[in-house]
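The basis for the numbers below is simple: all heavy atoms, side chains too, and nothing from hydrogens, waters or symmetry mates.
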Amino acid sequence: MSENKIKSLVDNFYREFAGLPNHRAIVRNNTPEDAFTLAILKVMYGETLDYEVVPENVDKISKVIVAPPDSGIDLFIEIEDGDEYYYDIIQSKYSELTEEEIRACFLGMRDSIKQYLKNPNNVKPNLRDVIAETNFNSSFKNNCTYYVYHTGTLNYGKNFKATEKIVTISEMEVVLGSLGRADHVLKVPFAEFTSDMFNNYILYENASDNAMLCNIRGYDLAVLCNKYISSSMGRNILFGQNLRDSLDQKKSKTYDAMMETIKEEPERFWNYNNGITILCEELDAHRKGRNGDVDLIEITNFSIINGAQTTNALGAFLRNALINNEPEAIEQLKKVYVLVRIMQVNNEKLSGNISIYNNLQNPISSRDMVANNYEQKKLQTMLMTGEAPYVFVEIRRGQTVPPQPRFEKHQRITNEDLAQLAFSAFLQAPFKAKDKKKTLFNKDGSDAEYLINEYYDEIFYLSEEDDKKGILFQRSKEEIDEALFIKYLYVQARNKMKKTYDENIAKCNQRIAANSGNAEQQQKMIQLYQRNKEVNNTCMFYCIALYFTLKENFGSVGDKNSFDYFSFYRDNRNSSYKDDIIEYFAKTFLQATVKIMSKLLMASGSGSATNWLKRVQSQTDFFDVLSEEMAGDLSYQEMYTEFVNKFVV
């Protein structure tokens with residue numbers, strides 16, 4: 001069934017894209033399996049793209065899909081996260097693969113990346129050209145996750161690395177189904193279970209909700225878990241509504257205890273375990289037999305919202321037993337039963353509350369947990385109402401931008417990214433902007449009276465009981481809008497300068513190839529350009545901090561003044577405003593940041609810009625150099641003043 005839906009998508013893409021683009025076809029004529037890569041792009045990445053997967057956008061699509069011959073890599077996806085970059089490297093096979101064939105795919109992709117980093121000319125030109133469109137370099141080699149997509153059911157095997165994921169059509173089907181949902185929540189479409197041998201169950205039925213308390217065999221839960229274990233969404237699809245993933249198995253004593261119980265006393269698993277909770281849209285218990293015993297339980301569009309660690313442990317036990325050919329272990333697992341609550345809920349608010357309240361017993365790291373907090377709702381309302389400018393802050397994953405009022409491209413941001421921006425722009429703390437992202441929404445377990453924790457409070461604190469305010473509530477809408485636009489300018493300027501560095505490196509290589517000039521000097525220039533390019537691509541928080549440091553010292557954009565968004569976004573034919581402001585920002589604020597960071601990087605011996613950014617001392621060093629240069633060089637004041645005079649209206 002899932003194969004049919006994906007197959008229809010592949011067939012449609014083949015008809016639309018066969019032979020495109022003309023100079024380097026990503027879908028070759030008479031090769032319909034090439035279109036499977038387009039299906040992967042649409043289903044798994046479509047919502048993150050700024051374009052639709054249609055023939056009119058084939059030039060953009062060709063920047064991420066590698067046309068054959070491809071050195072064993074079909075898709076190369078760059079994911080920007082602040083000043084960090086992550087990469088999904090994908091091989092698509094429109095056929096059912098064996099474990100050894102999958103292993104060969106992973107080895108081939110890893111080898112191609114290794115060869116590229118040694119010398120880009122070591123790989124096929126098509127792959128080289130796609131990677132060149134990104135910021136990929138040796139600094140990010142550990143930020144790569146490798147995926148093999150195939151049409152079979154095998155999605156795990158022996159000795160695969162944590163960064164190697166196998167994705168099946170079943171998982172693609174679940175994601176495809178979620179794309180049409182208003183809540184965008186990943187839900188497994190269907191599963192059925194039998195009740196345990198003792199028919200221990202309780203049915204709860206009322207006018208609006210149905211629920212069941214029952215015992216389900218651990219083996220059946222393990223099979224279900226393993227069906228979706230390697231999702232390219234970064235987590236098991238089975239836990240799509242769960243507010244957090246399971247704990248790290250290697251660090252969890254609970255996980256070890258569960259594995260030991262399954263081996264030694266599987267009948268006691270029910271006694272030792274708290275069970276799991278499932279939310280579904282439809283629950284159907286078929287009654288059979290003279291006594292009306294529950295024999296078959298069917299659930300539709302469901303998710304495990306509590307019990308991810310238990311379910312993952314069961315799945316891991318079964319995988320290990322299958323990989324190591326241990327039939328006795330599988331028989332032990334079949335003796336395990338788990339207490340399961342199944343609730344049929346079709347109310348989004350109630351569903352969200354159930355997910356929250358079922359996860360309160362352990363520290364929560366998801367920002368979803370604060371979505372209903374007073375300060376988050378107040379921030380969202382404050383920034384999108386009243387007079388312009390308007391900013392939409394996504395405080396809960398999956399929220400859609402309302403059609404009114406109008407939000408420009410830079411005026412759409414998550415509360416997580418806005419917190420990072422506030423650290424770098426308003427607190428001039430670029431290290432915190434990067435370092436605190438993963439823990440920003442973790443509840444402080446101490447006795448301190450924080451809303452969440454001290455860093456969260458620095459940004460978001462707001463209470464009706466006192467006058468204390470986080471930095472976002474101390475700033476006007478105009479100031480927050482300005483920070484968002486400066487971030488957007490950095491991205492545009494960074495891309496512009498990246499092309500400039502690439503052109504300069506190419507010119508040096510041409511001189512070396514033509515034996516014109518000093519080859520040794522040209523090699524040194526290439527190294528300098530490459531280092532500056534690396535800094536250019538990773539210095540976002542420092543560049544923003546530099547801009548706002550200059551603003552703090554040399555002036556401000558007035559309360560009623562703003563940038564000319566009409567000329568920037570819409571009046572490009574009659575105005576050079578957009579090109580001019582990006583050019584100016586690139587040649588001044590960005591170049592000044594790159595100059596300081598490159599100087600400090602060389603002196604520190606950190607090896608790479610990413611390593612330098614991880615040192616807290618780097619922030620102090622950066623502002624020490626900036627302060628010295630500002631005190632002794634009027635060009636910084638002139639730079640900021642000219643920027644305001646030229647581009648602020």
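- Of the candidates Tyr584, Phe589, Tyr542, Phe589 is the only one forming a ring pair (Phe, Tyr, Trp, His ring centres under 6.0 Å) with Tyr547.
- Relative ring orientation between Phe426 and Phe548 is described as perpendicular, the plane-to-plane angle rising above 60° on a 0-90° scale split at 30° and 60°.
- Remark: Lys436 is positioned above the aromatic ring of Tyr455, its terminal NZ or CZ atom under 6.0 angstrom from the ring centre and at most 45 degrees off the axis.
- Remark: the Thr145 side chain and the Thr163 side chain contain no N/O donor-acceptor pair separated by less than 3.5 Å.
- Residues Glu408 and Arg570 form a side-chain contact, since some pair of their non-hydrogen atoms from C-beta on lies under 4.5 Å apart.
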**Test log, rule ring-ring contact (aromatic ring centres under 6.0 Å, His included), inputs Phe647 and Tyr577** = CA-CA 8 Å; Phe647 301 111; Tyr577 180 88; 5.8 Å; yes

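- By the salt bridge (charged side-chain N to carboxylate O under 4.0 Å, His left out) test, Asp624 is found to be paired with no residue, residues two or more places apart in sequence or in another chain being considered.
- Contact check for Ile471 versus Phe423: no side-chain heavy atoms found under the 4.5 Å cut-off.
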**Message:** Before you tell me yes or no, could you show the steps for Val393 and Thr414 under side-chain contact (heavy atoms from CB on, under 4.5 Å), namely the whole-Å CA-CA distance, both residues' side-chain angles and the distance that decides it to 0.1 Å?
**Reply:** CA-CA 5 Å; Val393 182; Thr414 67; over 6 Å; no

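- Aromatic ring centres of Phe485 and Phe563 lie closer together than 6.0 Å.
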**Derivation of the side-chain hydrogen bond (donor to acceptor under 3.5 Å, both in side chains) call for Asn57 and Glu52** = CA-CA 7 Å; Asn57 293 325; Glu52 293 184 29; over 6 Å; no

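- Under a cut-off of 6.0 angstrom, the local environment of NZ in Lys498 is crowded, with over 12 non-hydrogen atoms contributed by other residues, nucleotides or ligands.
- Under the 4.5 Å side-chain criterion, counting only non-hydrogen atoms from C-beta, Ile102 is in contact with Phe160.
- Close placement of the Tyr565 and His410 rings is indicated, their centers lying within 6.0 Å of each other.
- Tyr456 and Phe441 have perpendicular rings, their planes meeting at more than 60° on a 0 to 90° scale where under 30° would count as parallel.
- By the 6.0 Å and 45° rule, Lys578 stacks over the aromatic ring of Phe568.
- A cation-pi arrangement is not found for Arg128 relative to Tyr116, the charged atom failing to lie both closer than 6.0 Å to the ring centre and inside a 45° cone about the ring normal.
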**Item:** Test log, rule ring-ring contact (aromatic ring centres under 6.0 Å, His included), inputs Phe76 and Tyr87
**Value:** CA-CA 7 Å; Phe76 193 88; Tyr87 297 89; 5.4 Å; yes

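- Contact check for Glu394 versus Asn415: no side-chain heavy atoms found under the 4.5 Å cut-off.
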Only distances under 3.5 Å count here; give the side-chain donor-acceptor pairs of residues 503-513 to other protein atoms, sequence neighbours excluded, each with its distance to 0.1 Å.
unit_1	atom_1	unit_2	atom_2	d
Asn504	ND2	Thr500	O	3.4
Asn509	ND2	Ile505	O	3.3
Arg511	NH1	Gln522	OE1	3.3

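- Contact of the Arg531 side chain with the Gln527 side chain is not registered, since no non-hydrogen atoms from C-beta on lie closer than 4.5 Å.
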**Message:** Using the rule given for side-chain contact (heavy atoms from CB on, under 4.5 Å), can you reason through Met109 versus Ile113, listing the C-alpha separation, both sets of side-chain angles and the distance that settles it, and then say yes or no?
**Reply:** CA-CA 6 Å; Met109 287 189 284; Ile113 294 302; 5.7 Å; no

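- Between Ile77 and Met44 the shortest side-chain heavy-atom distance does not fall below 4.5 Å.
- Residues Glu629 and Tyr636 bring a donor and an acceptor atom of their side chains to less than 3.5 Å of each other.
- Between Ser606 and Leu601, some side-chain heavy-atom pair lies under the 4.5 Å cut-off.
- In this structure, Leu49 CG and Leu41 CG are separated by 5.0 Å, a value rounded to the nearest 0.5 Å.
- Side-chain contact between Glu101 and His150 is absent, with no heavy-atom pair separated by less than 4.5 Å.
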